Amino acid sequence: MRKRTVFVFNAFIRALALAGFGEDAVCVYREMNESGVGSDRFTYTYVLKACVCLSSRSWGLSLCVRKGKEVHGHVLRHGFESNVHVGTTLLDFYARYGCVWYAGNVFDTMPVRNVVSWSAMIACLVKNGRSFEALKLFWEMEDVSLNLGCNSVTMVSVIQACAALAALGQGKLIHCYVLRKGLNSILPVTNSLISMYSRCGSIEIARCIFDQMDNRDVVSWNAIISGYGIHGNAEEAIMLFEEMIRRGFSPNKITFVSVLGACSHAGLIHKGRKLFDSMAHVHNIFPSEEHYACIVDMLGRAGRLDEAVKVVDGMRIEPGPPVWGSLLGACRIHCNVELAERASLRLFEIEPMNAGNYVLLADIYAEARMWEEVNKVKKLLESSSLQKIPGCSWIEVKRKIYSFMSIDEVNPQTEQLHSLLVQLLVEMKERGYVPETKFDLCELDQVEKENIVLGHSEKLAVAFGLINSSNGETIRITKNLRLCEDCHSVTKVISKFANREILVRDVNRVHYFRDGVCSCGDYW
DNA sequence: TTAGGGTTAG
């Protein structure tokens, strides 16, 4: 073209960004700047979208963020920061790269905010694991004086926040709100409600909503199938999968992740393998890394480590962090040092920033009583300046959410909780409970070890629940990591002799403790 | 003739 106007450049950058060619879009933007045609408010929304789809693999995350910050600078220089579309796109750019502080800063300084900018900020908080703040912001938004009016998009994020916190009370409140606003028949809203109820431990309500839907899409089926999966009911998940096919729905990648995950949680290996094989042959979906990770997890969990390794070695695509991570997790369950070393060596190479991998390997060495190796891994972790994610648990009592960390001086009741736990410990030991202290605590004596495990955040939350809720009420707890073995057995015992139903949603699934047994059948 | 936020998984 001889005459390239701002409009022409905009259209080209937009097209490239939409098609996922972030780098090319950024190049065209540079060309645009050099050509001297100028820019307008549309230019910045497109370039920022392009920065979101830059290939972080070849660029590196920090370079992607730097590129966006550069564009942010241009926005300020040209005075477009007061435009609500540009501001919201900027906010969303930071959100997608996990820069919550920058996103919040953009939000706070926007001269005009509308439903979309509020929704974007709420979504940003949810996506970055700050659901508690997301809910707070939502109630702030709902302040009548602001008179903004949320819509279905806002509500989807808010429902996700409740799901992430496993805050059933809040979730029900939000559900009522959705009904009052007449947003309940909008498919994405209903689908996220199904997921929310199952992740909050109430698969029954999730099923009820699913059964009452007039029209469903593949996402609705995926949501309910994965719901049964995290509740350990693989039979129901498989039945729904089969019904879905009978009714003419085409499963997608996520359907298979869900149903294979269900098989893995329940140890249904034969069925899982058959489903995996049917993917390509019957449904024309070629297994991606996530699906391989499910199969490796399924075999590994069941102790069939040799078969799991065969699957990894025979993969048609290069195995990455999910696959090696599943294998390492299986090594921890079955204490296989040799294989753990192979898997973690690869993981340290391709995923050096994940502290969890180091922790897993240290746990495996500790169980094998290889203290020297434990120390080596710990030193490696320290020198890399990575930090373990601290264990954290939440509990919702009377629609208020309380959180606990292992060493928690913030909560005034901590001392009371700890003494209750000590008292419970004595009673439990009389009933034959032995604290599980085999992992990663090599330099301490038995009493110190027991004290540390006793201070785990989920136990504090259970104790808080016992003190602050009435008999007959289910205690509902969420944990940011996987539930530890000791907490699992303690909660079983407590559910029996305190005669209470206790529900713990950990990062992977739901544990429902009743009368001394857990719904996961100790297989998780 | 161009614009911003959202559904299901591990």
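What you see is a predicted model; the values in this text were computed from it and never measured. Each chain gets a letter, A, B and so on, in the order the sequences are listed, and its residues count up from 1.
- Residue side chain A/Ser119 reaches the base of B/dG5 through a donor-acceptor N/O pair under 3.5 Å, judged by distance alone.
- Considering only side-chain atoms of A/Ile230, the nucleotide from B/dG5, B/dT8, B/dG10 that sits closest is B/dG10.
- Legend: residues meeting ring-ring contact (aromatic ring centres under 6.0 Å, His included) with A/Trp221, ordered by chain and number and at least two apart, are A/Phe210, A/Phe249.
- The side chain of A/Lys253 places no N or O atom within less than 4.0 Å of a non-bridging phosphate oxygen (OP1 or OP2) of B/dT8.
- A/Thr154 comes within contact range of at least one nucleobase, with a heavy-atom separation under 4.0 Å.
- Here A/Gln160 reaches the OP1 or OP2 of B/dT7: one of its side-chain N or O atoms lies under 4.0 Å away.
- Residues A/Ser226 and A/Ser258 bring no donor and acceptor atom of their side chains to less than 3.5 Å of each other.
- Atom pair A/Asn222:CG and B/dT7:C1' shows a separation of 10 Å (rounding to whole Å applied).
- Rounded to an integer number of Å, the gap from CH2 of A/Trp221 to P of B/dT7 is 22 Å.
- With B/dG6, B/dG4, B/dG10 as the candidates, the nucleotide lying closest to the side chain of A/Pro188 is B/dG6.
- Between the side chains of A/Tyr44 and A/His78, at least one donor-acceptor pair of N or O atoms lies under 3.5 Å.
- Across the protein-nucleic acid pair, A/Ile203 atom CD1 and B/dT8 atom P stand 14 Å apart, rounded to whole Å.
- Aromatic ring centres of A/Phe9 and A/Tyr29 lie farther apart than the 6.0 Å criterion allows.
- You'll find the ring centres of A/His85 and A/Phe42 outside the 6.0 Å limit.
- Rounded to a whole Å, the CD1 atom of A/Ile13 is 21 Å from the P atom of B/dT1.
- Taking a 4.0 Å limit (strictly below) on heavy-atom distances, residues 69-88 of chain A reaches DNA chain B at A/Asn83, A/Val84, A/His85, A/Thr88.
- The separation between A/Tyr94 atom OH and B/dG4 atom C1' is 16 Å, rounded to whole Å.
- Side-chain contact annotation: A/Asn191 with A/Asp217, donor-acceptor N/O pair under 3.5 Å present.
- No donor-acceptor contact under 3.5 Å links the side chain of A/Asn151 to the base of B/dG6.
- Residues A/Asp92 and A/Thr89 have side chains that never bring a donor and an acceptor to within less than 3.5 angstrom of each other.
- Near DNA chain B, defined here as any heavy-atom distance below 4.0 Å, the residues from residues 33-45 of chain A are A/Arg41, A/Phe42, listed numerically.
- Set against B/dG6, B/dT2, B/dT8, the side chain of A/Asn10 has B/dT2 as its closest nucleotide.
- Minimum atom distance to the side chain of A/Ile186 is reached by B/dG6, of the listed B/dG5, B/dT2, B/dG6.
- Contact check, A/Lys49 against B/dG5: a side-chain N or O comes under 4.0 Å of OP1 or OP2.
- In this structure, A/Phe93 atom CZ and B/dG5 atom P are separated by 14 Å, rounded to whole Å.
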Does the side chain to side chain contact (heavy atoms under 4.5 Å, CB included) test come out yes or no for A/Leu240 and A/Met244, once each step is laid out?
CA-CA 6 Å; A/Leu240 281 160; A/Met244 165 186 184; over 6 Å; no
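- Comparing B/dG5, B/dA9, B/dG4 against the side chain of A/Arg96 picks out B/dG5 as the nearest.
- Within the nucleic acid shown, A/Ser152 comes within 4.0 Å of at least one base atom, counting heavy atoms only.
- In this entry the distance linking CG of A/Asp92 with P of B/dA3 reads 16 Å, nearest Å.
- Summarising the geometry, the separation between CG on A/Leu275 and C1' on B/dG10 is reported as 16 Å, rounded to the nearest angstrom.
- Among B/dT8, B/dT1, B/dG5, the nucleotide with an atom closest to any side-chain atom of A/Phe7 is B/dT1.
- Judged purely by distance below 3.5 Å, without hydrogens or angles, the side chains of A/His291 and A/Ser288 pair a donor atom with an acceptor atom.
- The minimum heavy-atom distance between A/Gly68 and A/Leu48, with the atom names listed, is O-CD2, 4.2 Å.
- Ring pair A/Tyr94/A/His72: centre-to-centre distance below 6.0 Å.
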